[in-house]
Amino acid sequence: MPNSRSRPRRGAGNGAGTAGRDELVSRSLQSAEHCLGTQDFGTAYAHYLLVLSLAPELKEDVKETFQYTLLRWAEELDALNRTQDLLGCYEQALELFPDDEVICNSMGEHLFRMGFRDEAAGYFHKAVKLNPDFNDAKENFYRVANWLVERWHFIMLNDTKRNMIYNAAIQKAVCSGFKNVLDIGAGTGILSMFAKKAGAHSVYACELSKTMYELACDVVAANKMEAGIKLLHMKSLDIEIPKHIPERVSLVVTETVDAGLFGEGIVESLIHAWEHLLLQPKTKGENSNCDKYGKVIPASAIIYGMAVECAEIRRHHRVGLKEIVGIHLPINVKFQSPAYSSVDTEETVEPYTTEKMSRVPGGYLALTESFEIMKVDFNNLQELKSLATKKPDPISIPVVKEGTLDAIVVWFVLQLDDEHSLSTSPSEETCWEQAVYPVQDLPDYWMKPGDHVTMAVSCQDCYLRIQSINILGLEQEMEVTKSFTKTTDLLSLGNEAELCSALANLQTSKPDAGEQICVLESSEIALLNNIPYHEGFKMAMKKVFSSLTPEKLCQVMDPHYQDNEMSCGTGRHNTMQSTPEPFYVLDVSEGFSILPIIAGTLGQVKPYSSVEKDQHRIALDLISEASHFPKETLEFWLRHVEDESAVLQRPKSDKLWSIIILDVIEPSGLIQQEIMEKAAISRCLLQSGGKIFPQYVLMFGLLVESQTLVEENAVQGLERTLGLNIAPFINQFQVPIRVFLDLSSLPCTPLSKPVELLRLDLMTPYLNTSNREVKVRICKSGQVTAIPFWYHMYLDEEIRLDTSSEASHWKQAAVVLDNPIQVEMGEELVLSVEHHKSNVSITVKQ
């Protein structure tokens, strides 16, 4: 608590009113200080409000103490769920101190916890502007910026080809008479500004995200088009005529498409637009003026697919092992990734993941030619309406290369008009990723020329769904053909769809009643497939138990201990000798983990798992059973903990842990939040000789030149956006660290060898330093644009895990420099590395 005792300054006036006011202010200050001493923060806060309303000249004197009182009182209100009172206190405080970065940041933190990310970002952003060196606010703003302005905005705005093609198509439409324009999902407003520059009479733009809407307002104003573009902070589905726009428009422009085309709701929004916001479409043969008719850009799309073999997709979506370091995975436990599991659920879950296939680690092999999946005409209302109700179309595709079927990869060609188109194909230089439908639950994934891949395709719940993916061998096709021939002349069918449908049904299998479906994130599946990880932990745990065993034996053989036991009866003494006290192991790593089961196979061990989901607990019980592991041995720790926020506690009132397993690195490549605080608590809960895993972590990095990282991090000037001034506004939301990178396939040129940047010691904290300088020798001339980094996690001095290895379930991250630095071979750069509250900042000292 700040230790300042402020006293009112006496004014020159000696009137009774002034004297009375001064007396009241003095007494209120004394009362506030007394309340702080007794930790009555609510009353202290009320006294400070009175003081500042009566004597605003004392603001600077009491500022620090007022901040402390507000923050403590807000914590109490938050714990009591008095949300309105909490927000009211901050509003009062900000009226008194509108430019206080500490209060702005704290307000943002509370709003973020309540789920108001847009509003929180505004306060974090303001705090950073008020004090650019305020680390807490910077870290909060960077964390929320990724949610508010997704990284693909930067990539798309830097895609000059995409911008030019959209601009040309919009220009052509406007110049041919489509003068009243609605931009659905405006983002930064770039398509609206293309329309206005082309000569549109009126332009309306709607954007649901508050952050993007405000950003678009600034961008449009900076380009001096605010008079000609009306921005609406709403969904297009909520737009009404004449309430929001005066009349129906002749042109809708939109790019509300994702990697699977339909995932951002383009079908629903265009059905609504045709019914309520657009003029009727021109029918064939009509030659009247364009301004009497409606039109959409893009006009249509063709969706394509391809079956592929890809080891990287396989290890993230399919558990390919029957046993892991001696632990058997039973056949009645089916692991599925969220993309695959969405097939059989009623939830509206994205039924695919996305990958930049040209950059997928290890590459991929096409097992079929590319094939057409579906066409859609965005200018045909009836066709759009029928998409959602249409039955799945069966497709059968011949295999052209032998290999393992891992996924169906999907992309599309967006036909903006009859002249301009954009392709998201993996063979194109494009800002787009492709949609990936992982293949699971087949008896055999191997296929060869002569086989067919069959599937059923539909557009349900605003998503492109590819279901019932199967491999059909030549022999099976012949069986189906024979069964058809017995009842019907195949030639008379005249419909390949019926044959495809029969082929698809041949191998479709429903889950067994006794099967346990266990849905895991793709990083959790990759973790299960990570053999070195499990081997390392098994070896390290075995070494800890071996080192602790003599201690336990001494305890059992201690004469005093024996005398005590013998006095309780011979039977009890024998029991104690035959069943010594077990080693207690706590695994508090995030997500699904079989490490407790591995620990339980290593002797007298009582392992505790901290998994939360019921289906994960059932799966672990079944795995324990399959490995002949006594079911009652494995326990779920959260059932023993009253407060889930205080997971780190003793196993029993009189016992301590032998091993505590912590998650130090997030799958994204960043250090886990509050990991050092968790390590500090864990050290207090370990028995003598017990260990935290990992014991310490070394962070490594290298200097690279990577134009890709530069373009994915910030919009590069006016040229990319065809002269429109967008970069300074959206670049306010750039973050210094890019996450979820695959360093092995990142387009970059290394300019140095890897160097150690930081040591985080969880067992011996005095070895840690909050900042250090690292000299890096340049081994190749070029421009340093980024510093990728990864970790070596040491379970002990001999066993380490590398988060950049081929088997790693972790991704890597990189610091992207604001400005490239030209370097020559043989030079040295000095990096300043700072570690603050689990966040690491790396800067180059010039």
[atom1]-[atom2] distance between [X] and [Y], expressed to the nearest 0.5 angstrom:
{"X": "Lys196", "Y": "Leu724", "atom1": "NZ", "atom2": "CG", "result": "14.0 Å"}
{"X": "Ile466", "Y": "Asp393", "atom1": "CD1", "atom2": "CG", "result": "11.5 Å"}
{"X": "Ile302", "Y": "Ser421", "atom1": "CD1", "atom2": "OG", "result": "9.0 Å"}
{"X": "Arg162", "Y": "Leu416", "atom1": "CZ", "atom2": "CG", "result": "10.0 Å"}
{"X": "Phe412", "Y": "Leu261", "atom1": "CZ", "atom2": "CG", "result": "5.0 Å"}
{"X": "Leu718", "Y": "Ile726", "atom1": "CG", "atom2": "CD1", "result": "9.0 Å"}

Donor-acceptor pair, [X] side chain versus [Y] backbone, under 3.5 Å?
{"X": "Thr368", "Y": "Val399", "value": "no"}
{"X": "Glu705", "Y": "Gln783", "value": "yes"}
{"X": "Lys230", "Y": "His244", "value": "yes"}
{"X": "Asp417", "Y": "His420", "value": "yes"}
{"X": "Asn725", "Y": "Ala222", "value": "no"}
{"X": "Gln812", "Y": "Leu743", "value": "yes"}
{"X": "Asn158", "Y": "Arg720", "value": "no"}
{"X": "Glu383", "Y": "Asn380", "value": "no"}
{"X": "Thr354", "Y": "Gln434", "value": "no"}
{"X": "Asp742", "Y": "Ser745", "value": "no"}

Specify the closest pair of heavy atoms between [X] and [Y], including all atoms of both residues, with the distance to one decimal.
{"X": "Trp411", "Y": "Thr424", "value": "CB-OG1, 3.3 Å"}
{"X": "Ala813", "Y": "Gly669", "value": "CB-O, 4.0 Å"}
{"X": "Ala198", "Y": "Val174", "value": "O-CG1, 3.6 Å"}
{"X": "Asp183", "Y": "Ser192", "value": "OD2-OG, 2.7 Å"}
{"X": "Asn163", "Y": "Leu157", "value": "ND2-O, 3.0 Å"}
{"X": "Ala205", "Y": "Ala186", "value": "CB-CB, 3.8 Å"}

Evaluate whether atom [atom1] of [X] has more than 12 neighbouring non-hydrogen atoms of other residues, nucleotides or ligands under 6.0 angstrom away.
{"X": "Phe116", "atom1": "CZ", "result": "no"}
{"X": "Lys129", "atom1": "NZ", "result": "no"}
{"X": "Met234", "atom1": "CE", "result": "yes"}

For a quick check under 3.5 Å, do [X] and [Y] share a side-chain donor-acceptor pair by atom type?
{"X": "Asn180", "Y": "Ser202", "result": "yes"}
{"X": "Ser337", "Y": "His317", "result": "yes"}
{"X": "Thr256", "Y": "Glu264", "result": "no"}
{"X": "Ser425", "Y": "Ser423", "result": "no"}

State, yes or no, whether a side-chain contact exists between [X] and [Y] at a heavy-atom distance under 4.5 Å.
{"X": "His153", "Y": "Ile730", "result": "yes"}
{"X": "Met306", "Y": "Glu369", "result": "no"}
{"X": "Cys431", "Y": "Trp152", "result": "no"}
{"X": "Leu231", "Y": "Glu207", "result": "no"}
{"X": "Leu422", "Y": "Tyr166", "result": "yes"}
{"X": "Val739", "Y": "Ile737", "result": "yes"}
{"X": "Val735", "Y": "Val816", "result": "no"}
{"X": "Ile229", "Y": "Met193", "result": "yes"}

(message) One pair to check against side-chain contact (heavy atoms from CB on, under 4.5 Å): Leu182 and Ile239. What are the steps and the verdict?
(response) CA-CA 11 Å; Leu182 171 63; Ile239 296 176; 4.2 Å; yes

Please determine whether a side-chain nitrogen of the Lys or Arg among [X] and [Y] lies less than 4.0 Å from a carboxylate oxygen of the Asp or Glu.
{"X": "Glu712", "Y": "Arg151", "value": "no"}
{"X": "Lys811", "Y": "Glu312", "value": "yes"}
{"X": "Glu275", "Y": "Lys385", "value": "yes"}
{"X": "Glu428", "Y": "Lys161", "value": "yes"}
{"X": "Asp238", "Y": "Lys243", "value": "no"}

(request) Could you label the plane-to-plane angle of the Tyr213 and His233 rings as parallel, tilted or perpendicular, counting under 30° as parallel and over 60° as perpendicular? (result)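 Plane angle under 30°, so parallel.
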
Applying salt bridge (Lys or Arg N to Asp or Glu O under 4.0 Å), can you list everything that pairs with [X], at least two apart in sequence or on another chain?
{"X": "Glu240", "answer": "none"}
{"X": "Lys401", "answer": "none"}
{"X": "Lys780", "answer": "none"}

(message) Suppose we call two aromatic rings close when their centres sit under 6.0 Å apart. Are His125 and Phe733 close by that rule?
(response) yes

(message) Looking only at the aromatic ring of each residue, does the gap between the centers of Tyr437 and Tyr352 stay below 6.0 angstrom?
(response)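 Yes: the rings meet the under 6.0 Å criterion.
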
(message) Using the rule given for side-chain contact (heavy atoms from CB on, under 4.5 Å), can you reason through Cys748 versus Leu709, listing the C-alpha separation, both sets of side-chain angles and the distance that settles it, and then say yes or no?
(response) CA-CA 9 Å; Cys748 69; Leu709 283 179; over 6 Å; no

Residues forming a side-chain hydrogen bond (donor to acceptor under 3.5 Å, both in side chains) with [X], sequence neighbours excluded:
{"X": "Glu214", "answer": "Lys210"}
{"X": "Asp818", "answer": "none"}
{"X": "Thr430", "answer": "none"}

(message) Let's go through Val144 and Phe124 carefully: what are the C-alpha distance in whole Å and the side-chain angles of both, what is the deciding distance for side-chain contact (heavy atoms from CB on, under 4.5 Å) to 0.1 Å, and is it a yes or a no?
(response) CA-CA 9 Å; Val144 81; Phe124 294 147; 3.9 Å; yes

(request) Let me know which of Leu191, Val252, Val296, Leu237 forms a side chain to side chain contact (heavy atoms under 4.5 Å, CB included) with Ile184. (result) Val252

(request) Please test Leu384 against Phe378 for side-chain contact (heavy atoms from CB on, under 4.5 Å), starting from the C-alpha separation and ending with a verdict. (result) CA-CA 7 Å; Leu384 291 172; Phe378 295 125; 3.9 Å; yes

